[in-house]
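In what follows, a single structure is set out as structure tokens and then discussed.
We count ligands from 1, going down the list as the structure has it; atoms in each ligand are counted the same way. Only a predicted model underlies this, so the values are computations on that prediction, with no experimental measurement involved. For reference, positions follow the sequence shown, starting with 1.
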Amino acid sequence: MSEKTILVTKPFVPNRKVLDGFLDEVWNREWFTNNGPLLQRYEQELSEYLDIEHLRVVGNGTIALQIGIKALELEGEIITTPFSYVATTSSIVWEGCKPVFVDIDDSLNIDPNKIEQAINENTTAILATHCFGNACDIDAIQDIADAHGLKVIYDAAHCFGTKYNGKSILSYGDISTLSLHATKLVHSIEGGAVVSKSAALNDRVRLMRNFGHNGPEAFSGVGINGKNSEMHAAVGLTVLSDVQAILSSRLIQCQRYDELLAELPLKKPVVHAKCEPNRSYYPVIFSSEEEALKIKATLENHNIFTRRYFYPSLNQLEYVHSEDLPVSQRVSSSILCLPLYFDLTEEDQVYISELLKEAMS
Ligand SMILES: *Cc1c(COP(=O)(O)O)cnc(C)c1O
């Protein structure tokens, strides 16, 4: 038995030589934050890589959601998914709006067929997550939003590199948000981005992330500190220089798990026909909570750590009010994400798969 500990995820480690080059620039300039040259360059390179026109880098993926909600002036009720990281829901509540949960379908994203029955005169927006980097039914959601005059925000925290209809998935909705946290596929340790549909909205985000400052002595509206620093931009640019290797290794690793685990009765999220997912996570759904917990414990006995992503279903948080949502609650209780990170080796994957097969037999 291997004594090696394998965690569910590990951050991509930026190349020190490349990073040091950027840090020398920062030290020479002694300009550490406040929309510095590296932050501007990071914004530019992200926009170019993702082929996006209106992108602003912010402090993290959560402030990106909060600024998105503020920039669109949302109030009242926001229809949202119960199957996501807690920040999707907590941002809505933090901004003084009420999350109204709609159950998911077998893509693990919000079920568009159930959205209309949740709309009432207080509804102002739909905030949906492209969970695990797999697209929501964007066309159906936009049709509903158009028919009812609703704004759309996508929490695209998992979606670096995901495409929908041949375009970056970040180009959809009124606003899409990205997380550049260390655990995400591409990162700047802490960081995030707001992608806006229009230049006007993009400008509002620019003002809002910097206290509303419009020049040193003028303010345009209320803002917050949503800035990111030259240090984070330096790491972000360094990681971005390895983006091809990061994205392609992830596809290879997922394909390898697919092959190694092919004979097991595991359910996986159904990928939308128009989506090319980045496969940022490797979620597997077991037949029951009991089985999922048994497998998790067995793997932990061998120092392999999976994670219950996402648990609990967000409609069960103590600070929200919601009816039961059977699909989300069932998936939440019986899903595990398997270890997946840049330097996970083929040998590790074979070992994990063998243990999983043994535990399930
Ligand atoms: C990571 C994540 C966030 C929060 O991003 P941070 O950069 O950690 O603030 C929001 N939503 C989802 C779905 C996430 O996975």
After noting the C-alpha distance and the side-chain angles of H158 and F310, does the key distance pass the ring pair (Phe, Tyr, Trp, His ring centres under 6.0 Å) rule?
-> CA-CA 13 Å; H158 300 168; F310 290 101; 5.8 Å; yes
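For ligand 1, the polar-atom distance check finds an N/O of D155 within less than 3.5 Å of one of the ligand's N/O atoms. For a threshold of 3.5 Å applied to N or O pairs, the pair formed by T62 and ligand 1 contains at least one separation below that value.
In the candidate list A156, S179, A182, S179 is nearest to atom 7 (O) of ligand 1, counting heavy atoms. Comparing H187, K184, H130, H158 against atom 2 (C) of ligand 1, the shortest heavy-atom distance belongs to K184.
Considering only heavy atoms from C-beta on, P339 comes within 4.5 Å of T306 through its side chain. Between L39 and H232 there is no side-chain heavy-atom pair separated by less than 4.5 Å.
Near A87, the atoms of ligand 1 lying under 4.0 angstrom from a non-hydrogen atom of the residue are 10 (C). Residue S84 approaches ligand 1 through these ligand atoms, each under 4.0 Å from one of its heavy atoms: 13 (C). Taking every heavy atom of G191 and a limit of under 4.0 angstrom, the matching atoms of ligand 1 come to 7 (O). Every atom of ligand 1 with a heavy atom of G61 under 4.0 Å away is listed here by number and element: 5 (O), 6 (P), 7 (O), 9 (O).
Ring geometry for Y154 versus H130: interplanar angle under 30°, hence parallel rather than tilted (30 to 60°). Using bins of under 30°, 30° to 60° and over 60° for the plane-to-plane angle, the ring pair Y172/Y164 lands in the perpendicular bin.
Close placement of the F32 and W27 rings is indicated, their centers lying within 6.0 Å of each other.
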